[in-house]
> 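Before we start, here is the structure in question, set down as C-alpha coordinates.
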2 protein chains.
Amino acid sequence: MKKHHRSVNALRRSDLAGLTGCNLETIRYYETIGVMPDPPRTARNYRAYDQSHVRRLRFIMRARELGFTLEEIRDLLALVDGGAQTCGEVQVLADAHLASVRAKIADLKRIEHVLASTVAQCTGDDVPECPVIDALSEEA
Amino acid sequence: MKKHHRSVNALRRSDLAGLTGCNLETIRYYETIGVMPDPPRTARNYRAYDQSHVRRLRFIMRARELGFTLEEIRDLLALVDGGAQTCGEVQVLADAHLASVRAKIADLKRIEHVLASTVAQCTGDDVPECPVIDALSEEA
DNA sequence: CTTGAGTCTGTATGGGATACAGACCCTAGA
DNA sequence: TCTAGGGTCTGTATCCCATACAGACTCAAG
(Lines give C-alpha, C1' and ligand atoms only; values in the text may rest on other atoms or scores of the structure.)
Protein backbone atom coordinates (compact mmCIF):
# COMPACT_ATOMS: atom_id res chain seq x y z
CA MET A 1 0.00 0.00 0.00
CA LYS A 2 1.18 3.42 -0.91
CA LYS A 3 -0.28 6.53 0.67
CA HIS A 4 -0.98 4.54 3.84
CA HIS A 5 -0.79 7.59 6.06
CA ARG A 6 -3.59 9.35 4.25
CA SER A 7 -7.16 8.69 5.29
CA VAL A 8 -8.82 5.97 3.32
CA ASN A 9 -9.73 7.01 -0.21
CA ALA A 10 -8.97 10.67 0.37
CA LEU A 11 -8.01 12.25 -2.93
CA ARG A 12 -5.77 15.24 -3.31
CA ARG A 13 -6.11 17.84 -5.97
CA SER A 14 -3.67 16.12 -8.30
CA ASP A 15 -5.50 12.80 -7.81
CA LEU A 16 -8.78 14.37 -8.81
CA ALA A 17 -7.11 16.04 -11.76
CA GLY A 18 -5.57 12.74 -12.81
CA LEU A 19 -8.80 10.79 -12.49
CA THR A 20 -10.81 13.27 -14.51
CA GLY A 21 -8.28 14.79 -16.86
CA CYS A 22 -9.23 18.20 -15.56
CA ASN A 23 -6.55 20.81 -15.09
CA LEU A 24 -5.43 21.23 -11.52
CA GLU A 25 -6.08 24.93 -11.38
CA THR A 26 -9.42 24.59 -13.08
CA ILE A 27 -10.68 22.50 -10.18
CA ARG A 28 -9.90 25.32 -7.80
CA TYR A 29 -11.55 27.74 -10.18
CA TYR A 30 -14.71 25.64 -10.21
CA GLU A 31 -14.74 25.77 -6.43
CA THR A 32 -14.40 29.52 -6.28
CA ILE A 33 -17.28 30.00 -8.70
CA GLY A 34 -19.32 27.44 -6.85
CA VAL A 35 -19.99 24.70 -9.40
CA MET A 36 -17.78 22.38 -7.37
CA PRO A 37 -18.37 22.30 -3.61
CA ASP A 38 -15.69 23.38 -1.19
CA PRO A 39 -14.21 20.04 -0.20
CA PRO A 40 -13.41 19.05 3.38
CA ARG A 41 -9.85 19.79 4.45
CA THR A 42 -7.20 17.75 6.18
CA ALA A 43 -5.65 18.95 9.42
CA ARG A 44 -3.01 20.67 7.31
CA ASN A 45 -5.58 22.38 5.13
CA TYR A 46 -5.20 20.11 2.11
CA ARG A 47 -8.34 19.49 0.09
CA ALA A 48 -9.68 15.97 0.69
CA TYR A 49 -11.86 14.79 -2.18
CA ASP A 50 -13.83 11.60 -2.56
CA GLN A 51 -15.73 9.76 -5.28
CA SER A 52 -18.63 12.20 -5.16
CA HIS A 53 -16.24 14.91 -6.32
CA VAL A 54 -15.00 12.72 -9.13
CA ARG A 55 -18.56 12.16 -10.31
CA ARG A 56 -19.47 15.79 -10.10
CA LEU A 57 -16.38 16.99 -11.91
CA ARG A 58 -16.97 14.46 -14.68
CA PHE A 59 -20.52 15.70 -15.00
CA ILE A 60 -19.26 19.24 -15.36
CA MET A 61 -16.62 18.27 -17.87
CA ARG A 62 -19.04 16.37 -20.03
CA ALA A 63 -21.42 19.30 -19.99
CA ARG A 64 -18.57 21.65 -20.97
CA GLU A 65 -17.66 19.33 -23.82
CA LEU A 66 -21.20 19.72 -25.05
CA GLY A 67 -20.71 23.47 -24.96
CA PHE A 68 -22.87 24.25 -21.93
CA THR A 69 -21.64 27.41 -20.24
CA LEU A 70 -20.76 27.24 -16.58
CA GLU A 71 -23.88 29.26 -15.92
CA GLU A 72 -25.99 26.66 -17.68
CA ILE A 73 -24.15 23.93 -15.83
CA ARG A 74 -24.89 25.68 -12.56
CA ASP A 75 -28.59 25.53 -13.48
CA LEU A 76 -28.39 21.85 -14.37
CA LEU A 77 -26.61 21.10 -11.13
CA ALA A 78 -29.12 23.09 -9.15
CA LEU A 79 -31.85 20.81 -10.51
CA VAL A 80 -29.85 17.68 -9.80
CA ASP A 81 -28.82 18.90 -6.35
CA GLY A 82 -32.42 19.67 -5.54
CA GLY A 83 -32.88 15.94 -6.08
CA ALA A 84 -36.25 16.60 -7.61
CA GLN A 85 -35.30 17.49 -11.16
CA THR A 86 -37.75 16.44 -13.78
CA CYS A 87 -37.03 15.42 -17.33
CA GLY A 88 -39.17 18.35 -18.44
CA GLU A 89 -37.08 20.90 -16.58
CA VAL A 90 -33.84 19.48 -17.88
CA GLN A 91 -35.18 19.35 -21.39
CA VAL A 92 -35.96 23.05 -21.30
CA LEU A 93 -32.34 23.86 -20.49
CA ALA A 94 -30.95 21.41 -23.01
CA ASP A 95 -33.26 22.65 -25.75
CA ALA A 96 -32.25 26.23 -25.10
CA HIS A 97 -28.62 25.24 -25.36
CA LEU A 98 -29.24 23.27 -28.51
CA ALA A 99 -30.87 26.32 -30.04
CA SER A 100 -27.85 28.45 -29.27
CA VAL A 101 -25.50 25.85 -30.71
CA ARG A 102 -27.57 25.81 -33.88
CA ALA A 103 -27.51 29.60 -34.03
CA LYS A 104 -23.73 29.57 -33.78
CA ILE A 105 -23.48 27.00 -36.55
CA ALA A 106 -25.70 29.10 -38.78
CA ASP A 107 -23.56 32.15 -38.07
CA LEU A 108 -20.36 30.34 -38.87
CA LYS A 109 -21.79 28.83 -42.03
CA ARG A 110 -22.71 32.27 -43.27
CA ILE A 111 -19.18 33.42 -42.55
CA GLU A 112 -17.71 30.37 -44.19
CA HIS A 113 -19.75 30.96 -47.30
CA VAL A 114 -18.72 34.58 -47.70
CA LEU A 115 -15.11 33.82 -46.95
CA ALA A 116 -14.87 30.79 -49.21
CA SER A 117 -16.46 32.48 -52.19
CA THR A 118 -14.22 35.51 -51.77
CA VAL A 119 -11.01 33.56 -51.38
CA ALA A 120 -12.01 31.49 -54.40
CA GLN A 121 -11.54 34.59 -56.52
CA CYS A 122 -7.96 35.10 -55.39
CA THR A 123 -5.29 34.62 -57.98
CA GLY A 124 -2.76 34.01 -55.24
CA ASP A 125 -0.31 35.95 -57.35
CA ASP A 126 2.35 38.46 -56.46
CA VAL A 127 0.02 41.31 -57.33
CA PRO A 128 -1.49 43.87 -54.94
CA GLU A 129 -5.05 43.43 -56.25
CA CYS A 130 -6.90 41.02 -54.00
CA PRO A 131 -10.58 40.18 -53.78
CA VAL A 132 -10.32 39.68 -50.02
CA ILE A 133 -8.92 43.15 -49.46
CA ASP A 134 -11.50 44.55 -51.85
CA ALA A 135 -14.31 42.91 -49.94
CA LEU A 136 -13.05 44.34 -46.67
CA SER A 137 -12.45 47.79 -48.15
CA GLU A 138 -15.52 48.23 -50.28
CA GLU A 139 -17.61 51.35 -49.81
CA ALA A 140 -20.82 49.37 -49.70
CA MET B 1 -23.88 74.90 -41.61
CA LYS B 2 -23.74 73.25 -38.29
CA LYS B 3 -20.51 72.57 -36.47
CA HIS B 4 -19.04 75.70 -38.07
CA HIS B 5 -16.59 76.27 -35.27
CA ARG B 6 -15.00 72.89 -35.69
CA SER B 7 -12.26 72.45 -38.26
CA VAL B 8 -13.54 71.30 -41.62
CA ASN B 9 -14.58 67.65 -41.64
CA ALA B 10 -13.12 66.90 -38.23
CA LEU B 11 -15.03 64.03 -36.68
CA ARG B 12 -15.38 63.44 -32.99
CA ARG B 13 -15.57 60.07 -31.36
CA SER B 14 -19.34 59.99 -31.43
CA ASP B 15 -19.34 61.00 -35.10
CA LEU B 16 -17.06 58.13 -35.99
CA ALA B 17 -19.18 55.79 -33.91
CA GLY B 18 -22.31 57.02 -35.63
CA LEU B 19 -20.86 56.71 -39.14
CA THR B 20 -19.63 53.18 -38.59
CA GLY B 21 -22.03 51.75 -36.05
CA CYS B 22 -19.07 50.93 -33.85
CA ASN B 23 -19.39 51.34 -30.12
CA LEU B 24 -17.81 54.50 -28.78
CA GLU B 25 -15.61 52.72 -26.28
CA THR B 26 -14.58 50.10 -28.76
CA ILE B 27 -12.94 52.76 -30.91
CA ARG B 28 -10.76 53.79 -28.01
CA TYR B 29 -10.01 50.14 -27.33
CA TYR B 30 -8.89 49.65 -30.93
CA GLU B 31 -6.54 52.60 -30.51
CA THR B 32 -4.98 51.26 -27.34
CA ILE B 33 -4.32 47.89 -28.95
CA GLY B 34 -3.01 49.58 -32.05
CA VAL B 35 -5.34 48.43 -34.83
CA MET B 36 -6.63 51.98 -35.12
CA PRO B 37 -4.03 54.77 -35.21
CA ASP B 38 -3.86 57.41 -32.50
CA PRO B 39 -5.76 60.25 -34.15
CA PRO B 40 -4.60 63.85 -34.13
CA ARG B 41 -6.00 65.93 -31.28
CA THR B 42 -7.62 69.33 -31.08
CA ALA B 43 -6.15 72.06 -28.92
CA ARG B 44 -8.36 70.78 -26.12
CA ASN B 45 -7.21 67.20 -26.56
CA TYR B 46 -10.29 65.92 -28.34
CA ARG B 47 -9.73 63.24 -30.95
CA ALA B 48 -10.07 64.63 -34.48
CA TYR B 49 -10.88 61.89 -36.98
CA ASP B 50 -11.23 62.11 -40.74
CA GLN B 51 -12.42 59.90 -43.59
CA SER B 52 -9.34 57.72 -43.44
CA HIS B 53 -10.38 56.67 -39.95
CA VAL B 54 -13.86 55.89 -41.14
CA ARG B 55 -12.49 53.66 -43.88
CA ARG B 56 -10.11 51.88 -41.56
CA LEU B 57 -12.69 51.26 -38.88
CA ARG B 58 -15.10 49.89 -41.48
CA PHE B 59 -12.39 47.57 -42.70
CA ILE B 60 -11.83 46.31 -39.19
CA MET B 61 -15.53 45.87 -38.55
CA ARG B 62 -16.07 43.91 -41.73
CA ALA B 63 -13.16 41.68 -40.87
CA ARG B 64 -14.58 41.13 -37.37
CA GLU B 65 -17.94 40.26 -38.89
CA LEU B 66 -16.15 37.57 -40.86
CA GLY B 67 -14.74 36.29 -37.60
CA PHE B 68 -11.16 37.41 -38.05
CA THR B 69 -9.51 37.92 -34.67
CA LEU B 70 -7.97 41.30 -33.93
CA GLU B 71 -4.62 39.60 -34.21
CA GLU B 72 -5.44 38.40 -37.70
CA ILE B 73 -6.76 41.84 -38.55
CA ARG B 74 -3.53 43.35 -37.33
CA ASP B 75 -1.71 41.11 -39.80
CA LEU B 76 -4.02 42.04 -42.65
CA LEU B 77 -3.61 45.72 -41.87
CA ALA B 78 0.15 45.36 -41.66
CA LEU B 79 0.12 44.07 -45.22
CA VAL B 80 -2.18 46.82 -46.41
CA ASP B 81 -0.27 49.50 -44.54
CA GLY B 82 2.95 48.25 -46.05
CA GLY B 83 1.28 49.21 -49.29
CA ALA B 84 2.89 46.25 -50.97
CA GLN B 85 0.52 43.46 -50.00
CA THR B 86 0.10 40.74 -52.57
CA CYS B 87 -2.95 38.66 -53.23
CA GLY B 88 -0.89 35.61 -52.33
CA GLU B 89 -0.01 36.92 -48.87
CA VAL B 90 -3.58 37.88 -48.13
CA GLN B 91 -4.86 34.57 -49.37
CA VAL B 92 -2.63 32.72 -46.92
CA LEU B 93 -4.19 34.60 -44.00
CA ALA B 94 -7.73 34.23 -45.30
CA ASP B 95 -7.28 30.54 -45.97
CA ALA B 96 -5.96 29.96 -42.46
CA HIS B 97 -8.96 31.75 -41.06
CA LEU B 98 -11.33 29.81 -43.27
CA ALA B 99 -9.83 26.59 -42.00
CA SER B 100 -10.40 27.60 -38.38
CA VAL B 101 -13.99 28.60 -39.14
CA ARG B 102 -14.55 25.19 -40.70
CA ALA B 103 -13.00 23.50 -37.69
CA LYS B 104 -15.37 25.36 -35.37
CA ILE B 105 -18.33 24.37 -37.49
CA ALA B 106 -17.29 20.73 -37.36
CA ASP B 107 -16.95 20.95 -33.60
CA LEU B 108 -20.34 22.49 -33.14
CA LYS B 109 -21.97 20.02 -35.48
CA ARG B 110 -20.62 17.17 -33.42
CA ILE B 111 -22.02 18.81 -30.31
CA GLU B 112 -25.32 19.46 -31.99
CA HIS B 113 -25.60 15.86 -33.04
CA VAL B 114 -24.95 14.46 -29.57
CA LEU B 115 -27.22 16.97 -27.93
CA ALA B 116 -30.07 16.59 -30.39
CA SER B 117 -30.11 12.82 -30.27
CA THR B 118 -30.02 12.86 -26.48
CA VAL B 119 -32.76 15.43 -26.06
CA ALA B 120 -34.85 13.50 -28.56
CA GLN B 121 -35.12 10.73 -25.99
CA CYS B 122 -36.57 13.01 -23.34
CA THR B 123 -40.14 12.36 -22.35
CA GLY B 124 -40.39 15.90 -21.06
CA ASP B 125 -42.45 14.52 -18.25
CA ASP B 126 -42.60 15.34 -14.58
CA VAL B 127 -40.33 12.39 -13.80
CA PRO B 128 -36.79 12.49 -12.46
CA GLU B 129 -35.43 10.08 -15.06
CA CYS B 130 -33.89 12.05 -17.89
CA PRO B 131 -31.66 10.92 -20.75
CA VAL B 132 -29.75 14.21 -20.66
CA ILE B 133 -28.84 13.81 -17.01
CA ASP B 134 -28.00 10.17 -17.67
CA ALA B 135 -25.67 11.12 -20.49
CA LEU B 136 -23.90 13.66 -18.31
CA SER B 137 -23.70 11.28 -15.35
CA GLU B 138 -22.78 8.05 -17.02
CA GLU B 139 -19.80 6.13 -15.72
CA ALA B 140 -18.41 5.62 -19.21
C1' DC C 1 17.76 15.95 7.63
C1' DT C 2 17.52 17.18 3.20
C1' DT C 3 15.53 17.47 -1.15
C1' DG C 4 12.17 17.52 -4.51
C1' DA C 5 7.45 17.35 -5.33
C1' DG C 6 2.92 18.62 -4.05
C1' DT C 7 -0.20 22.05 -2.01
C1' DC C 8 -1.81 26.51 -0.29
C1' DT C 9 -3.39 31.43 -1.37
C1' DG C 10 -3.83 35.49 -4.06
C1' DT C 11 -3.22 37.62 -8.27
C1' DA C 12 -2.08 38.30 -13.47
C1' DT C 13 -3.04 37.01 -18.17
C1' DG C 14 -5.69 36.33 -22.47
C1' DG C 15 -9.39 37.95 -26.09
C1' DG C 16 -12.75 41.38 -27.25
C1' DA C 17 -14.92 44.31 -25.82
C1' DT C 18 -18.17 47.15 -22.53
C1' DA C 19 -19.08 50.16 -18.59
C1' DC C 20 -18.40 53.46 -15.17
C1' DA C 21 -16.34 57.22 -12.30
C1' DG C 22 -14.67 61.71 -11.90
C1' DA C 23 -12.79 65.50 -14.30
C1' DC C 24 -12.96 68.46 -18.00
C1' DC C 25 -15.15 70.99 -21.97
C1' DC C 26 -18.51 72.82 -25.34
C1' DT C 27 -22.83 74.71 -26.90
C1' DA C 28 -27.54 76.36 -26.77
C1' DG C 29 -30.94 78.70 -24.33
C1' DA C 30 -32.55 82.16 -20.81
C1' DT D 1 -23.24 86.18 -19.34
C1' DC D 2 -24.47 82.37 -16.86
C1' DT D 3 -25.98 77.73 -16.57
C1' DA D 4 -27.50 73.19 -17.58
C1' DG D 5 -27.04 69.33 -20.37
C1' DG D 6 -24.47 66.73 -23.02
C1' DG D 7 -19.97 65.13 -24.98
C1' DT D 8 -15.24 64.00 -24.09
C1' DC D 9 -11.07 62.78 -21.46
C1' DT D 10 -8.46 59.12 -18.71
C1' DG D 11 -7.96 55.12 -15.97
C1' DT D 12 -9.88 51.19 -14.25
C1' DA D 13 -13.41 47.35 -13.45
C1' DT D 14 -16.19 43.81 -15.48
C1' DC D 15 -17.54 39.70 -18.24
C1' DC D 16 -16.28 34.35 -19.50
C1' DC D 17 -13.38 30.34 -18.80
C1' DA D 18 -9.85 29.18 -17.59
C1' DT D 19 -4.51 29.03 -17.09
C1' DA D 20 -0.23 30.40 -14.91
C1' DC D 21 2.81 32.06 -11.58
C1' DA D 22 4.88 33.64 -7.10
C1' DG D 23 5.96 32.80 -2.48
C1' DA D 24 4.92 30.15 1.49
C1' DC D 25 4.03 25.87 3.39
C1' DT D 26 4.01 20.67 3.83
C1' DC D 27 4.71 15.97 2.77
C1' DA D 28 7.27 11.68 1.63
C1' DA D 29 11.41 9.21 0.23
C1' DG D 30 16.29 8.52 0.72
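When reading the values below, keep in mind they use all heavy atoms of this one structure, side chains included, and skip hydrogens, waters and symmetry mates. Letters A, B, ... are given to chains in the order of the sequence lines, protein chains preceding strands, and every chain is numbered from 1.
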> Without swapping roles, check the side chain of B:D50 against the backbone of B:S52 for a donor-acceptor pair under 3.5 Å.
yes
> Starting the side chain at C-beta, find the nucleotide from D:dA18, D:dT19, C:dC8 nearest to A:R47.
C:dC8
> Check whether any side-chain heavy atom of B:I133 sits under 4.5 Å from a side-chain heavy atom of A:F59, and report yes or no.
yes
> Could you give the NZ-to-C1' distance, from A:K104 to D:dC16, as a whole number of Å?
11 Å
> When rounded to the nearest 0.5 angstrom, what distance separates CG in A:L24 from CZ in A:R12?
10.5 Å
> Using whole Å, report how far CD of A:E25 lies from C1' of C:dG14.
16 Å
> Take the C1' atoms of the five end pairs on each side of the helix from C:dC1-D:dG30 to C:dA30-D:dT1, get both axes, and report the angle to 10 degrees.
30°
> Mapping B:R13 and A:Y30 to their closest nucleotides on DNA chain D, which lands nearer the 5' end?
B:R13
> Roughly, in whole Å, what's the span from OH in A:Y29 to C1' in C:dG14?
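Rounding to the nearest Å, OH of A:Y29 and C1' of C:dG14 are 13 Å apart.
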> When you get a sec, tell me which of D:dT8, C:dC8, D:dT10 is the closest nucleotide to the side chain of B:N45?
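So the side chain of B:N45 is nearest to D:dT10.
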> Could you check which of C:dG6, D:dT10, C:dA17 has an atom nearest any side-chain atom of A:R12?
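Side chain of A:R12 sits closest to C:dG6.
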> Nearest to the side chain of A:Y46, which nucleotide is it out of C:dC20, C:dC8, D:dG7?
C:dC8
> Do A:E71 side-chain and D:dC17 base share a donor-acceptor contact under 3.5 Å?
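Flag unset: no donor-acceptor pair detected.
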> Among the nucleotides D:dA20, C:dA17, D:dT8, which one has an atom lying closest to any side-chain atom of B:S14?
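Looking only at side-chain atoms, B:S14 lies closest to D:dT8.
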> Any side-chain to backbone donor/acceptor pair from B:R64 onto B:F68? Under 3.5 Å, distance only.
yes
> After noting the C-alpha distance and the side-chain angles of A:E65 and A:R62, does the key distance pass the salt bridge (Lys or Arg N to Asp or Glu O under 4.0 Å) rule?
CA-CA 5 Å; A:E65 278 163 24; A:R62 274 188 285 257; over 6 Å; no
> Could you please name the option among D:dC27, D:dT10, C:dC8 that lies closest to any side-chain atom of A:R41?
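The closest nucleotide is C:dC8.
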> Just how far, in rounded Å, is C1' of D:dC17 from CD of A:E72?
13 Å
> Which of these nucleotides, D:dT8, C:dT7, D:dA18, is closest to any side-chain atom of A:L70?
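Looking only at side-chain atoms, A:L70 lies closest to D:dA18.
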> Return the value, rounded to whole Å, for the distance between atom CE of A:M36 and atom P of D:dA18.
13 Å
> Could you state the atom-to-atom distance from CD1 of A:I27 to C1' of D:dA18 in whole Å?
13 Å
> In the structure I gave you, are the side-chain heavy atoms of B:L136 and A:L66 within less than 4.5 Å of one another anywhere?
yes
> Taking the nucleotide of DNA chain C with the nearest heavy atom to each, does B:R28 or B:T69 sit closer to the 5' end?
B:T69
> Nearest 0.5 Å, please: how far is CG in A:L11 from OH in A:Y46?
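So the gap between those two atoms works out to 15.5 Å.
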> Could you give the CZ-to-C1' distance, from A:R44 to D:dA24, as a whole number of Å?
14 Å
> From the options D:dT8, C:dA17, D:dT19, select the nucleotide whose nearest atom is closest to the side chain of B:T26.
C:dA17
> Under 3.5 Å, which donor-acceptor pairs do the side chains of residues 98-110 of chain B form with other protein atoms, sequence neighbours left out?
unit_1, atom_1, unit_2, atom_2, d
B:S100, OG, B:H97, O, 3.1
B:R102, NE, A:E112, OE2, 2.8
B:R102, NH2, A:E112, OE2, 3.1

> If I take atom CG in residue B:L11 and atom P in nucleotide D:dG7, what distance separates them, rounded to the nearest angstrom?
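In whole Å, D:dG7 P lies 16 Å from B:L11 CG.
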